[in-house]
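Every chain is numbered from 1, with letters handed out A, B, ... down the list of sequences.
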There are 2 protein chains.
Amino acid sequence: MLRTHTNGELRINNVNQEVTLCGWVQKKRDLGAMTFVDLRDRYGITQLVFSESQSELTMNLGREFVIQATGKVAERQSKNTNIPTGDIEIIVTSLVVLNKSKTPPFTIEDNSDGGEELRMQYRYLDLRRNPLRKNLELRHRLSIEVRKYLDSLNFLEIETPYLIKSTPEGARDFVVPSRMNAGQFYALPQSPQTFKQLLMVSGYDRYYQIVRCFRDEDLRADRQPEFTQIDCEMAFVTQEDIIQTFESLMVHLFQTTKGIDFDSFPRMCYADAMLNYGCDKPDIRFGMTFNYITELVKGKGFAIFDDAESVIAINADNCASFTRKQLDELTDFVKRPQVGAKGLIYLRCNEDGTYKSSVDKFYSEEELKKWAKQCNAKAGDLIFVLSGDLAAAQKQMNDLRLHLGNQLGLRNPDIYAPLWVYDFPLLEWNEESGRYHAMHHPFTSPKTEDLHLLETEPGKVRANAYDLVLNGTEIGGGSIRIHDRAVQSRMFDLLGFTKEEAQAQFGFLLNAFEYGAPPHGGIALGFDRLCALFGGQETIRDFIAFPKNNSGRDVMIDAPATIDKKQLDELNIKVTL
Amino acid sequence: MLRTHTNGELRINNVNQEVTLCGWVQKKRDLGAMTFVDLRDRYGITQLVFSESQSELTMNLGREFVIQATGKVAERQSKNTNIPTGDIEIIVTSLVVLNKSKTPPFTIEDNSDGGEELRMQYRYLDLRRNPLRKNLELRHRLSIEVRKYLDSLNFLEIETPYLIKSTPEGARDFVVPSRMNAGQFYALPQSPQTFKQLLMVSGYDRYYQIVRCFRDEDLRADRQPEFTQIDCEMAFVTQEDIIQTFESLMVHLFQTTKGIDFDSFPRMCYADAMLNYGCDKPDIRFGMTFNYITELVKGKGFAIFDDAESVIAINADNCASFTRKQLDELTDFVKRPQVGAKGLIYLRCNEDGTYKSSVDKFYSEEELKKWAKQCNAKAGDLIFVLSGDLAAAQKQMNDLRLHLGNQLGLRNPDIYAPLWVYDFPLLEWNEESGRYHAMHHPFTSPKTEDLHLLETEPGKVRANAYDLVLNGTEIGGGSIRIHDRAVQSRMFDLLGFTKEEAQAQFGFLLNAFEYGAPPHGGIALGFDRLCALFGGQETIRDFIAFPKNNSGRDVMIDAPATIDKKQLDELNIKVTL
């Protein structure tokens, strides 16, 4: 080793030891009689001291130079209590410059002066900064703990192939032309779904894999074309077994990586989540649940409410003092095209017990009081009301609720509120294609008690499907799968597959179901998102060492790129631009 | 859970417990008064007992049916000492058929009656067999132990991207057309080489990853287009540090998964390996090292030896009794085109102290005695001699040596002989392209003491490169990397890159070297091969859950396959067949 210790290691009891350290020059302070250098590596910072007579050693040292310094550990006169090595410093006797550095294009500090794009281009420098290092260390720690825990429960990590077959159902696949099988293509997996089900048929009974998945989507903010999933499957289980197993995994992760203890996670059925929060992944760190005041407000001459299918109100505690400007801003917020409301009604519950609303001319004080009562509002609260078609009003009110939650500081990233949402619908109607799509995926089983609806009202059939939600973000989802060939075939029918299409694309799975497929189910957790949330952040990008930008490009290595004609010819393909 | 216990769990002290088991019907024996069913899962086999009155439960049970059986644990009258559950059986009180099975196309036994192709097509059934299950369990265990060990040494597992950029150097890339960047392509990584080096530049100092790699090669036997690598890199280290670190990892793996203790591994420089074994990955489980008898045999009128650059002899202990037929077979072996020798000379050291060779008419007894002496042969031994150009004769003799090793049972897969081979050449001349190619890869550093040869005799420059060999198979290789931009540029020159090509393909790495790149190096171990060797087998295919065949096809899911014109259009490509 070129070093005897790391830069995070030396303490007061190392004083007088001869040591050799390696690292990067974080900072140099030339005080004339002495020069101090902060030497950095991923373990910490150690102060090096050079005397005036050594100035030729230090005069050319620049930021980010890589050096090897040998010297004696000494007690510092003025200790730095901010860092673990702050009691000591190294009286350097010899110095080797292992490599020079040009001046970095941005500062390697916790708060860098570099813009997003520049930092992406020089990702290898950005990764030197503490916040990113801590993110990747957390990611490592989480992956170790996931594996340790699942291994202790007899789960086997089994690798599934990355070169598989394209299936038009679902999102777009990335494809890979095959040279050896001319004119044919592999696809990169969007998930190992069918393979993990085959492993259940094979009797592996407890499978997991931390695995890369690929999706050729138009990238919304904070989506990546390649992402990592904790992918799990179990046989001979019920939905309850899966929920308990992975709740206990999460409890283990919270405990070991965050020091937070959870007893058990709350649960909410999909219908209640939609009713009370207007979304299937409610952030339950705060209240402001929905109140349906439709019946109360109709027939008083206010056409907007009279014409509305639903009128929904939420109550913001102690917000009666909101200014006109704040209310206008909230009105502007809900009128943004992404939210889509026509306007926002408010009802102020004044401290003196009176009420003031933006629709005073239609509603008496007495009537407004009834609204307040239904919303459990007290003096000093502020009620917001949105109306329209049920689904639209729920969606808009969910947006407003989350916006208010952010504004009022109710969404503290250091507070964790996990939640199971269950009993999802099996199918959702798609206007564009004029048919049902699988809400989870085509392999999800319908609830036995809803099976009779499958032919008559497929949209009402509930699935044995569940999501794990954390702080308003879906971090995982799963289901009990179909394990019966006939039911799976029926499902493909419902989803608009012809028999031939179903056989061509999923024949191997249908066939496998005829050779003793056990009851099984599973879950997949988004690992990038999980890391980000555990790191107290909203975006996944800085929890991935080398992410792509919103155009799917790696701007550091400049990929994707054109390839040689020779390569294209060997693959029997041609670019048609 | 649909079960209270697994089929490997119940023992004599569970007698009288009421249990529920799930699994597959391995075997049914109807003895009239009783019917026995062997119930199988991945944990073992448990015997179920049904009385005559329950015959309607069992009469339709077929092989591989999935069932759930409830009953009471009882002590067996005739115990089965071959299985851990052999002391008990279950007196079944109720039975649920969870799923039926058609008769499998081959038997689910340790030695199946199914042919290779059929078993690949029904891989999900083949994976039920114990040998494959044990392989995947070993693979899981090895991956857990690799991670546990490297984590304990402060290595971080960091995921690198799978969608990267194609580089013509090396093997062929698999490419992925980008829809969002029309006309451009990602490539799938042949290894995370440049990314792990960037992580060293970023200060991560101890990186590893168990990672999939891709290579679009014409598949030789036992190669897969996608394979898994234990990929590692360290900063601030010498070659010795890396060898010691990963030797200790291997010692840990041998100890924890095989119960075999190693103190340290022997080492051999590349030159000695070629000299004594004629190959860079010698199987040192047995001797039969090379003896160069060129000087002894020249000038006696035997033209073949007189014209040869080298004459190489190996001694097979106690093989003087080989029959004419055996010698003929060995001669046929070396004359196969894959080996390429013109013939095989032997020298029998008879038990009575006389000598008998196939070239008796050119060499006296006295001369043959000198051969035997140089080969350290004793009475009863058999010497084989091959001649020709040095490199060709070494290669042929290596083939013969390994063949004899197999024939004589000297290559016992349960005996493990690891070996480090070091001081590889930096470059090798390629006749076809008329230029030097990197023997390891373009990022490998030349040995400082050979640097002066780089301009004059590049072929003689040795690299800071090393391979880990196990039982004659290379299971890993690595090097100390170049970390200086000028040296790396010079290397690209030598390899025939123009400045523009080097910048276009590896500019990000060259640039990174200007911002404080530390000395670093690493290693990559072939994980599939490691699993196979630890499993005592030669082929990797049965250590991969879903492998491809020799045409790169997954015959179970039937991939690769054609894709929709719509998909091709979106990707701006066209098949040119």
Side-chain angles (χ1 to χ4, degrees), chain A residues 1-3 22 24 42 64 66 99 101-102 124 127-128 140 144 151 156-158 161-166 174 176 178-181 183-186 198 201-203 205 212 216 226 236 241 508 512 514-518 545-546 551-552 556-557 559-563 572-577, chain B residues 1-3 22 24 42 64 66 99 101-102 124 127-128 136 140 144 151 156-158 161-166 174 176 178-181 183-186 198 201-203 212 216 226 236 241 508 512 514-518 545-546 551-552 556-557 559-563 572-577:
Chain A
M1 302 281 170
L2 305 188
R3 64 188 177 202
C22 289
W24 286 262
R42 78 166 160 108
E64 302 304 318
V66 192
N99 216 339
S101 174
K102 296 207 284 195
Y124 46 86
L127 286 172
R128 286 186 187 163
H140 167 73
I144 287 277
D151 181 52
L156 295 175
E157 183 160 29
I158 300 177
Y162 280 161
L163 296 172
I164 65 165
K165 190 158 81 167
S166 189
F174 282 106
V176 181
S178 166
R179 184 179 53 83
M180 297 223 286
N181 301 272
Q184 301 191 337
F185 293 78
Y186 301 100
L198 290 177
V201 176
S202 298
D205 108 354
R212 202 72 54 84
D216 185 13
E226 47 178 316
F236 304 119
D241 298 320
F508 60 97
E514 297 194 306
Y515 289 97
F546 300 102
S551 317
M556 178 188 69
I557 65 169
T562 55
I563 59 174
N572 300 292
I573 58 170
K574 200 171 122 177
V575 171
T576 57
L577 288 179
Chain B
M1 303 280 171
L2 306 188
R3 64 189 176 202
C22 289
W24 286 262
R42 76 166 161 108
E64 302 305 318
V66 192
N99 216 339
S101 175
K102 295 206 285 196
Y124 45 88
L127 286 171
R128 286 186 188 164
L136 296 188
H140 167 74
I144 286 277
D151 181 53
L156 294 176
E157 183 160 28
I158 299 176
Y162 281 155
L163 295 172
I164 66 165
K165 190 158 82 167
S166 189
F174 281 105
V176 182
S178 167
R179 184 179 52 86
M180 298 223 286
N181 301 270
Q184 301 191 338
F185 294 77
Y186 301 100
L198 290 177
V201 175
S202 299
R212 202 72 54 85
D216 185 11
E226 48 177 315
F236 304 120
D241 298 319
F508 61 95
E514 297 195 306
Y515 289 98
F546 299 102
S551 317
M556 177 188 69
I557 65 169
T562 55
I563 60 173
N572 299 292
I573 58 171
K574 199 171 125 178
V575 172
T576 58
L577 289 179

Requested in this report: Sort B/Met556 into side chain, backbone, both or neither according to what part of it lies under 4.5 angstrom from a heavy atom of chain A.
Outcome: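 Backbone plus side chain of B/Met556, per the 4.5 Å heavy-atom cut-off to chain A.
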
Hits for side chain to side chain contact (heavy atoms under 4.5 Å, CB included) against B/Ala512, two or more places apart or cross-chain, chain-then-number order -> A/Tyr124, B/Leu198, B/Val201

Counting heavy-atom pairs under 4.5 angstrom with chain A, the leader among B/Ile164, B/Asp151, B/Val575 is B/Asp151

Margin query: Suppose we screen for ring-ring contact (aromatic ring centres under 6.0 Å, His included). Which residues come up paired with B/Phe508, at least two apart in sequence or across chains?
Written below: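 Partners of B/Phe508 by the ring-ring contact (aromatic ring centres under 6.0 Å, His included) criterion come out as none, since no residue qualifies.
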
- Message: Main chain of A/Gly516, side chain of B/Trp24: is a donor-acceptor contact present, judged purely on distance under 3.5 Å?
- Response: yes

Margin query: Using only atom types and a distance under 3.5 Å, with no angle test, would you say the side chain of A/Asn572 pairs donor to acceptor with the backbone of A/Gly183?
Written below: no

| Nearest-0.5 Å distance that lies between atom CD1 in A/Ile557 and atom NZ in B/Lys165 |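 Reported to 0.5 Å precision, the distance equals 6.5 Å.
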
When rounded to the nearest 0.5 Å, the distance separating CD1 of A/Ile158 from CZ of B/Phe546 is 8.0 Å

Quick check for you: among [options], which has the greatest number of heavy-atom pairs under 4.5 Å with chain B?
{"options": "A/Pro560, A/Cys22, A/Ala561", "answer": "A/Pro560"}
{"options": "A/Ser101, A/Ala559, A/Pro518, A/Ala545", "answer": "A/Ser101"}
{"options": "A/Ile144, A/Thr562, A/Leu156", "answer": "A/Leu156"}
{"options": "A/Glu64, A/Lys102, A/Met180", "answer": "A/Lys102"}

- Task: Give, as side chain, backbone, both or neither, the part of A/Ser178 having an atom under 4.5 angstrom from any heavy atom of chain B.
- Result: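 Looking at A/Ser178, just its side chain touches chain B.
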
